[in-house]
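Remarks on the structure that follows.
Because only heavy atoms are used, hydrogens play no part in the values below, and waters and symmetry mates are left out as well, while side chains stay in.
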Amino acid sequence: MEGIEVIEVKSSQELESCFGIRMAVFVEEQNVPREEECDEHEQIATHLLAMNPQGEALGTCRFRQTDYGVKMERFAVLKPARQLGVGQKLLTKALSLVQQRMPSSMIYLHAQVAAKGFYEKNGFYAVGNIFYEADIPHYKMIFKKQKPATILAIESSCDETSAAVIVNGQLLSNVIATQDIHAKYGGVVPELASRAHQQLIVSVVAEALTKANTSKEELSAVAVTHGPGLLGALLVGHSYAKGLSLGLGIPMIGVNHLQAHILAHFIDSPKPSFPFLNLTVSGGNTQIVKVSSFLDMEIIGTTHDDAVGEAFDKTARLLGFEYPGGKWIDHYAKEGNPKAFSFPVKRNMEGYDYSFSGVKTAFMNFCNTKGEAFLQDNLADVCASIQYTLIEILMKPLIDAVEQTGITQVAIAGGVSANRGLRERLQIEAEQRNWAVYVPDFQYCTDNAGMIAIAAHYMYQSDLFLDIEASPEPNMAFVKSK
Ligand code: KG4
C-alpha cells in the first residue's frame, strides 16, 4: 500500500490506462464483452487511477451523476496488485471527492456479493434483494451517510394509541387503536386513557414496524407527541420513546400535536404551498394558523371556550349519541334541512377568535323546550341545523382572515375536518371566492401517528431533537425552526 497514489484522470493517456486495466480485469477475467466496457457515460464520469511509485497503473474506478445520486462503478484492480490495498485507496479517494463536490447526493454502487463485506466496512449498506448484472449476483449498496431517515412515530396525547413509520418522508405504516372504553362515560377519562395506552402501545408499535417491513435496529430516530394533550396519556408514549431512544442510541423528536395536524397535508398530494391558512378543528382546539413554512406557524385566531369538536360532541350528547358524537350529527345531517331551525351565530369576538358557548347554551335550551320525542321525530333536521350553525360560526373569521391577509390557500385539519358539511361548505367558498382548498384524507383527519411522523421528518431534517431529560408539555407551544 506504501507509495500507491490515486490521481484524478486528466489526460487521454491516463484514460487509456484506465481502459487497459478494465479490459484486463472485466474482459479477460469475467468475459464481459469489450463493447460493454466502454459506454456513453465515459465522457461525463470522473475517472480515478491508482499508480505505484514507478508510475505503473494498478487499478481504476469511476463515478458519475445519475438520476438517483452519484454512482461509483468500474472498480478494477490488476491481479498482481490485489493484496496491496489498491481498492481501498480508490474507494477512499472517490468517496472524499464526491463528498466534497456533491455533498448532498446519495452515493451508491452495485457490489458483487463477495465484495459486500468490504463495502460495509467502508460505510455502505445493502438495500433490497440480490439482483443480477451480467449474470453476476449483486447488491445495491448505499453509503451510510445518506442512509434513509427511518423514523418511528408515536401518538398518545388523548384517546388514540397510534404508531407509524416514515422513511425519507414516505409514510410506510400508520396503525391506530381507538380506545372504546370512554364511550360509556360521555368523554375521555384521562386515567383510563393512560391505562389503555399502556396496554396497547407495545403491540401497536410492533405492528407499525412489521407493516413497514422494518425493525427497531434500522431506526434513525424515534418521534413522539410532546404536547399538547393529557399529561398522563402523553407520558406513556413519551416514556416508551425515551426507552427506545436510550436503548438504541438514536435521537428523540418531540412533536407538537397541533402542528402535526397541519403537516398531515404533506403526507399525500396535493400539497399546499406556502404561505397558507389552516383551520384546525379538533376535539380540543379551534384555531386559524398562518403557515409560512413547515416549522414556521403562527396562531392568528383561537377559541375562547369550547373547541368546535367539543361543541359537536356536546350537542350530540343532548341528542342521545355516545361520545364522540360529532360523526353522528354529520351522519343524520345528510338527510335533513339545515334551515329547519335556527340558532345564534353572532360572535362577540375580536379578530379571528371563536366562541361556541352561546350556541351550546341555545341548543341546550332548544332541546329542553322541544322534548325528546320531538327531537327524535325531527332528528335529521335538528342535526342538519346545528351542523349548519357550527359551520357558519367557523366560516366567518376564516373568510375575514383570507380577505385581510390576502392568502387564498386554505387548508383544514383535525378531527372535525372529517365532517362532510364542512368539506362541502369549503368547496363552495373556494369556487365563489377563488380559494384553493386542501382537505386531508379521512384517515389523517383524526388523531394518528402518521401526522406525527411527517412532522418528525421535517424536524429531523432541521436537527430538532429533544433533550432526553425533557418531560411532555400538556400546553406545548409550536416548535420553530432554528
Ligand atoms: O383531532 P381529533 O381526532 O382529536 C381530538 O382533538 O380529540 O378530533 C376529534 C373530534 C371529536 O370531537 C369528534 O366528534 C370530531 O373530531 N369528529 C367530527 C367528525 N368526525 C370526528 N365532528 C363532526 N363531524 C365528523 N364527521
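- Rounding to the nearest 0.5 angstrom, the gap separating the CD1 atom in Ile253 from the CG atom in Leu464 is 8.5 Å.
- Contacts classified as salt bridge (charged side-chain N to carboxylate O under 4.0 Å, His left out) and involving residues 307-327 (residues at least two apart or in different chains) are given here: Asp306-Lys314, Glu310-Lys314.
- Between Thr315 atom OG1 and Phe321 atom CZ the span is 9.5 Å, to the nearest 0.5 Å.
- Every residue was checked against the salt bridge (Lys or Arg N to Asp or Glu O under 4.0 Å) condition with Glu298, not counting sequence neighbours, and none meets it.
- Applying the salt bridge (Lys or Arg N to Asp or Glu O under 4.0 Å) test to Glu42 and every residue at least two apart in sequence or in another chain returns Arg22, Arg62.
- The two atoms that bring Ala212 and Ser173 nearest to each other are CB-OG, 3.8 Å, heavy atoms only.
- For an aromatic pair to be called close, the ring centres must be under 6.0 Å apart, and Tyr139 with Phe131 fails this.
- Residues passing the side-chain hydrogen bond (donor to acceptor under 3.5 Å, both in side chains) test with Ser273 are Gln409, sequence neighbours excluded.
- Under the side-chain hydrogen bond (donor to acceptor under 3.5 Å, both in side chains) criterion, His257 pairs with Glu155, Ser157, His261, Asp447, sequence neighbours left out.
- In Glu133, the CD atom is crowded: over 12 heavy atoms of neighbouring residues, nucleotides or ligands sit closer than 6.0 Å.
- No donor-acceptor pair closer than 3.5 Å links the side chain of Lys339 to the backbone N or O of Tyr388.
- Scanning all heavy atoms of the two residues, the minimum distance from Ile107 to Leu95 falls at CD1-CD2, 4.0 Å.
- For the atom pair CG (Asn122) and CE (Met141), the distance works out to 9.5 Å, reported to the nearest 0.5 Å.
- Atom CG of residue Leu230 and atom SG of residue Cys158 lie 5.0 Å apart, to the nearest 0.5 angstrom.
- Between atom NE2 of residue His197 and atom OG of residue Ser239 there is a gap of 12.0 Å, rounded to the nearest 0.5 Å.
- Residue pairs meeting the salt bridge (charged side-chain N to carboxylate O under 4.0 Å, His left out) criterion with at least one partner in residues 169-190, sequence neighbours excluded, do not occur; the list is empty.
- Judged purely by atom type and a 3.5 angstrom limit, Ser385 has no side-chain atom pairing as donor or acceptor with the backbone of Ser342.
- Listed by first and then second residue, the side chain to side chain donor-acceptor pair (under 3.5 Å) pairs involving residues 276-291 are His265-Asn278, Asn278-Thr280 (not counting sequence neighbours).
- Between the side chains of Ser156 and Tyr240, no donor-acceptor pair is found at a separation under 3.5 Å.
- Remark: Glu429 CD to Glu431 CD distance equals 10.5 Å, nearest 0.5 Å.
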Report the C-alpha separation of Phe63 and Leu97 in whole Å, then their side-chain angles, then the decisive distance to 0.1 Å, and conclude whether the side-chain contact (heavy atoms from CB on, under 4.5 Å) test is met. CA-CA 10 Å; Phe63 58 81; Leu97 286 178; 3.9 Å; yes
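- Using a 4.5 Å heavy-atom threshold, the side chains of Ile299 and Met297 count as separate.
- Between Trp435 and Ile399, the closest side-chain pair of non-hydrogen atoms falls below 4.5 Å.
- Here the side chains of Leu244 and Lys216 are in contact, with some heavy-atom distance below 4.5 Å.
- The environment of Asn213 atom CG is sparse: at most 12 non-hydrogen atoms of other residues, nucleotides or ligands sit within 6.0 angstrom.
- When each of Val255, Ile154, Asn256, Leu234 is paired with Thr225, the side-chain contact (heavy atoms from CB on, under 4.5 Å) condition holds for Leu234 and for no other.
- For residues 411-421, every residue pair satisfying the side chain to side chain donor-acceptor pair (under 3.5 Å) rule, not counting sequence neighbours, is listed here: Gln387-Asn419.
- The side-chain heavy atoms of Arg101 and Thr46, taken from C-beta on, include a pair separated by under 4.5 Å.
- Considering all non-hydrogen atoms of both residues, Val236 and Ser194 come closest at CG2-O, 3.6 Å.
- Counting heavy atoms from C-beta on, the side chains of Phe276 and Ile262 come closer than 4.5 Å.
- With sequence neighbours excluded, no residue forms a side-chain contact (heavy atoms from CB on, under 4.5 Å) with Gln170.
- The shortest side-chain heavy-atom distance between Val70 and Gln65 falls under the 4.5 Å cut-off.
- Checked options Leu394, Thr302, Val308; the residue passing with Tyr354 is Leu394 (criterion: side-chain contact (heavy atoms from CB on, under 4.5 Å)).
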Starting from the C-alpha separation in whole Å, work towards a yes-or-no answer on side-chain contact (heavy atoms from CB on, under 4.5 Å) for Leu248 and Val222. CA-CA 10 Å; Leu248 298 167; Val222 55; over 6 Å; no
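- At least one side-chain heavy atom of Leu231 sits under 4.5 Å from a side-chain heavy atom of Pro472.
- If you check the side chains of Ser355 and Asp305, you find a donor sitting under 3.5 Å from an acceptor.
- For Glu335, there are no side-chain hydrogen bond (donor to acceptor under 3.5 Å, both in side chains) partners, not counting sequence neighbours.
- Of all non-hydrogen atoms in Ile393 and Pro397, the two that sit nearest each other are O-CD, 3.3 Å.
- Summarising the geometry of Ala164 relative to Ala208, their closest heavy-atom pair is N-CB, 4.1 Å, with the distance given to 0.1 Å.
- For Lys140, there are no side-chain hydrogen bond (donor to acceptor under 3.5 Å, both in side chains) partners two or more places apart in sequence or in a different chain.
- Between Tyr444 and Tyr438, a ring centre-to-centre spacing not shorter than 6.0 Å is recorded.
- Each salt bridge (charged side-chain N to carboxylate O under 4.0 Å, His left out) pair with one or both residues in residues 386-398, not counting sequence neighbours, appears once here: Glu392-Arg425, Lys396-Asp400.
- Side chain of Glu207 to main chain of Val175: no donor-acceptor pair is present (N/O by atom type, distance under 3.5 Å, no hydrogens or angles).
- Note on ring orientation: taking the six-membered ring where Trp is involved, the planes of Phe363 and Phe343 are perpendicular (angle over 60°, cut-offs 30° and 60°).
- By the 4.5 Å heavy-atom criterion applied to side chains, His331 and Trp328 are counted as neighbours.
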Checking Leu398 against Leu426 for the side-chain contact (heavy atoms from CB on, under 4.5 Å) test, could you report, in this order, the C-alpha distance in whole Å, the side-chain angles of both residues, the deciding distance, and whether it holds? CA-CA 10 Å; Leu398 183 63; Leu426 274 171; 4.0 Å; yes
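- Taking the ring centroids of Phe341 and Phe366, they lie under the 6.0 Å cut-off.
- Of all the heavy atoms in Tyr119 and Ala111, the pair that sits closest is CD1-CB, 3.5 Å.
- With hydrogens and angles ignored, the 3.5 Å screen pairs no side-chain donor or acceptor of Ser162 with any backbone N or O of Asn448.
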Let me see the working for Phe143 and Val98 under side-chain contact (heavy atoms from CB on, under 4.5 Å), right down to the final yes or no. CA-CA 11 Å; Phe143 188 57; Val98 175; over 6 Å; no
